[in-house]
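First listed ligand is number 1; within each ligand, the first listed atom is number 1.
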Amino acid sequence: MSRKPEKLIDKKGLRLDGRKPDELRPIKIEVGVLPNTDGSAYIQQGKNKILAGVYGPRELHPKHLALPDRTVLRCRYRMAPFSVQERKSPAPSRRDIELSKVIREALEPSVFLEYYPRTGIDIHIEVLQADGGTRCASITAASLALADAGIPMQDLVTACAAGKVDNTIVLDLMDTEDKEGGADVPVALMPNLNAITLLQMDGILSLEEFEKAANLALEGCRKIYPMQKEALKAKYVSVKEVEE
Ligand code: ADP
């Protein structure tokens with residue numbers, strides 16, 4: 001394991017990876033990367049590498065879970081054994097189960113669930129490499145995978161975290177900042193509707209610090225949203241070019 005760094009913010013106010021407090025990690029998003037799914041997306045956010053694949057709407061198994069008035073959204077978040085420094089057991093941990101629920105609940109408000117009664121939509125999230133903030137990056141990618149599957153949605157969902165390290169409020173925490181820092185506030189937003197679908201807090205913040213962190217996380221979401229739209233457009237432009 002790596003040693004605890006003495007300072008998370010240096011004298012110039014820069015973070016361990018050279019970022020300013022309000023700077024996102026480099027983000028790369030691709031849509032339609034898994035041809036065997038109905039919709040898919042891949043995101044790299046700093047050292048995070050995450051794949052999301054969607055199946056559905058389709059007949060639900062087991063059938064007794066089906067609902068007469070809407071589709072059932074199911075989500076499975078999984079970290080690969082090689083995604084962290086020490087091998088993670090492939091069995092779902094309590095954290096994996098919790099994050100699967102949290103991610104599903106963050107995406108559910110964006111989908112017109114009532115359009116597809118008696119069916120199910122499955123979202124599979126595979127974290128290939130983790131470096132803090134995987135729940136947020138997973139939401140950003142999974143929302144794109146749903147859109148890629150052609151599922152009618154009110155808006156995309158974009159997620160980002162902010163938190164406190166060395167008494168400074170910072171955007172988009174990486175693993176060391178998450179573990180050694182004071183607090184973490186993950187937020188998910190439907191940017192066009194300006195509606196928040198996830199708000200969590202881990203650690204201790206004063207009311208003012210919390211407001212500052214939540215607003216910074218929302219700002220982060222608004223910066224990621226155009227990248228999501230760009231990635232969606234890029235897939236369909238390339239499909240059009242192949243057809244022509
Ligand atoms: P998030 O990834 O959304 O920030 P957590 O705060 O629970 O969720 O986790 C923070 C980070 O801790 C993860 O992104 C990952 O880098 C690391 N981590 C999570 N689970 C493990 C594990 N089993 N072993 C080592 N590192 C882990």
K.L.:
Not counting sequence neighbours, which residues clear ring-ring contact (aromatic ring centres under 6.0 Å, His included) with F112? List them please.
P.N.:
Y115
K.L.:
At less than 4.0 angstrom from any atom of ligand 1, which residues have a non-hydrogen atom? List them by chain and residue number.
P.N.:
M79, V84, K88, R95, A130, D131, G132, G133, T134, R135, D175, D178, K179
K.L.:
Quick one: CD on Q200 to CZ on R135, what's the gap to the nearest 0.5 Å?
P.N.:
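The distance works out to 5.0 Å.
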K.L.:
Is any side-chain N of the basic residue among R76 and E126 closer than 4.0 Å to the acidic one's carboxylate O?
P.N.:
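Salt bridge between R76 and E126, a charged N being under 4.0 Å from a carboxylate O: yes.
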K.L.:
According to the side chain to side chain donor-acceptor pair (under 3.5 Å) rule, which pairs have a member within residues 149-166, sequence neighbours left out?
P.N.:
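Listed by first then second residue: D155-Y225, T158-Q228, K164-E209.
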K.L.:
Among residues at least two apart in sequence or on other chains, which ones pass side-chain contact (heavy atoms from CB on, under 4.5 Å) with K47?
P.N.:
Q129, D131
K.L.:
Assess whether atom CG of L65 is packed by more than 12 heavy atoms of other residues, nucleotides or ligands within 6.0 Å.
P.N.:
yes
